[in-house]
Amino acid sequence: ADNHRSKRIWSLVVGIAVLLLAGVGVWYGFHQVRSQDEKDTHEQVPVSASVGVQAQAESLANQKGVSQGVRVYDEGIAAATASKDKYDLYMAKAALQLNNTLYDDALTTARAAEKIKSGIRVWGLMATIYDKKGDTQNALTYYKKAVADPAEFNYAAPAYEVRIKELSQ
């Protein structure tokens, strides 16, 4: 009976040790993954300076009027050093102007973005501006350019193709 009892105690001690080791292993693994996630977070591309400008410009436009938002965009564009930031700010400014029916201003701004980077985003925006302005010929030209752009994933092509058919009738 003592032999049986000592085997049970020994089995219990070994079982507890195995559970403790497993627990330590899980804990260690969790912390390794967590510290790697923290490293990955810190190693990601820093948030563009244009994001803060966009947030401030949109907020001011909503609170104090479009002209205040445009002013913030202009200051951000002047201060931006990276062409990607300038492009993003021009695109956001043009969208703000478009959404507030400032079509000529929006086209001027979109053309500035196009000088930095041409492609589906800017051509789609320009097509939309021309479309809203009632300039069917230029809208068709830019919708077709956007649909034909091979350089970028053409997420909007189906919608642009529908609009091309509508405007062509």
Side-chain angles (χ1 to χ4, degrees), residues 30-169:
F30 173 76
H31 282 296
Q32 287 296 96
V33 168
R34 192 166 147 206
S35 69
Q36 185 60 44
D37 286 347
E38 288 173 4
K39 285 180 188 173
D40 291 346
T41 300
H42 294 296
E43 291 172 5
Q44 290 175 355
V45 176
V47 174
S48 167
S50 66
V51 173
V53 172
Q54 288 178 32
Q56 183 182 6
E58 295 297 325
S59 175
L60 271 177
N62 289 330
Q63 293 173 8
K64 297 187 178 185
V66 177
S67 63
Q68 293 300 310
V70 167
R71 180 186 54 77
V72 171
Y73 277 124
D74 288 339
E75 291 169 0
I77 290 165
T81 55
S83 60
K84 182 191 180 322
D85 288 339
K86 285 186 184 288
Y87 175 81
D88 289 342
L89 291 171
Y90 277 127
M91 292 292 289
K93 178 183 170 186
L96 175 67
Q97 292 166 324
L98 167 64
N99 292 334
N100 288 279
T101 67
L102 302 171
Y103 302 129
D104 292 330
D105 293 338
L107 279 171
T108 300
T109 304
R111 284 188 193 107
E114 184 184 28
K115 288 178 183 175
I116 296 171
K117 182 181 179 202
S118 60
I120 187 173
R121 279 186 63 207
V122 71
W123 292 333
L125 178 61
M126 291 173 78
T128 303
I129 296 166
Y130 279 121
D131 199 352
K132 295 284 186 186
K133 190 176 174 183
D135 185 340
T136 303
Q137 193 57 49
N138 278 319
L140 279 169
T141 298
Y142 280 95
Y143 280 130
K144 288 175 182 177
K145 284 176 88 166
V147 167
D149 182 16
E152 296 185 43
F153 173 67
N154 217 331
Y155 61 91
Y160 292 163
E161 288 169 352
V162 168
R163 193 63 186 139
I164 289 168
K165 286 180 185 173
E166 291 171 351
L167 292 173
S168 297
Q169 295 176 356

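Just so it is clear, the model here is predicted, and its values are computed rather than measured.
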*Could you walk me through whether Y73 and Q56 pass the side chain to side chain contact (heavy atoms under 4.5 Å, CB included) test, one step at a time?*
CA-CA 9 Å; Y73 277 124; Q56 183 182 6; over 6 Å; no
_With Y143 via side-chain hydrogen bond (donor to acceptor under 3.5 Å, both in side chains) - residues at least two apart_ = D131
*Dump the intermediate steps for side chain to side chain contact (heavy atoms under 4.5 Å, CB included) on V147 and W123, then the final yes or no.*
CA-CA 9 Å; V147 167; W123 292 333; over 6 Å; no
Validation: residues 98-107 side-chain donor-acceptor distances under 3.5 Å, sequence neighbours left out:
{"unit_1": "N99", "atom_1": "ND2", "unit_2": "A95", "atom_2": "O", "d": "3.1"}
{"unit_1": "N100", "atom_1": "ND2", "unit_2": "L96", "atom_2": "O", "d": "2.8"}
{"unit_1": "D104", "atom_1": "OD1", "unit_2": "K133", "atom_2": "NZ", "d": "2.5"}

*asked:* Going by the rule side-chain hydrogen bond (donor to acceptor under 3.5 Å, both in side chains), which residues pair with N138 if we only count those two or more places apart in sequence or in a different chain?
replied: D135
*Output all residues satisfying side-chain hydrogen bond (donor to acceptor under 3.5 Å, both in side chains) with R111, sequence neighbours left out; order by chain, then residue number.*
Y130
*Can you list the residues that meet the side-chain hydrogen bond (donor to acceptor under 3.5 Å, both in side chains) rule with T109, with sequence neighbours excluded?*
Q97
*Looking at residues at least two apart in the chain, or sitting in another chain, which of them share a side chain to side chain contact (heavy atoms under 4.5 Å, CB included) with A113?*
Y87, Y90, M91, V122
*Pairs where residues 69-81 contributes a residue and the test salt bridge (charged side-chain N to carboxylate O under 4.0 Å, His left out) is met, not counting sequence neighbours*: R71-E75, D74-K93
_Donor-acceptor under 3.5 Å (T128 side chain, G124 main chain)_ = yes
*So does D88 pair up with K117, basic N to acidic O under 4.0 Å?*
no
_Contacts of E58 that satisfy salt bridge (charged side-chain N to carboxylate O under 4.0 Å, His left out) - sequence neighbours left out_ = none
*Taking only residues two or more places apart in sequence or in another chain, which ones pass salt bridge (charged side-chain N to carboxylate O under 4.0 Å, His left out) with K132?*
none
*Only counting residues at least two apart or in another chain, list the ones meeting salt bridge (charged side-chain N to carboxylate O under 4.0 Å, His left out) with E161.*
none
*Who are the side chain to side chain contact (heavy atoms under 4.5 Å, CB included) partners of T136, not counting sequence neighbours?*
L140, L167
*So, for A94 and A110, which heavy atoms are closest and what is the spacing to 0.1 Å?*
CB-N, 4.0 Å
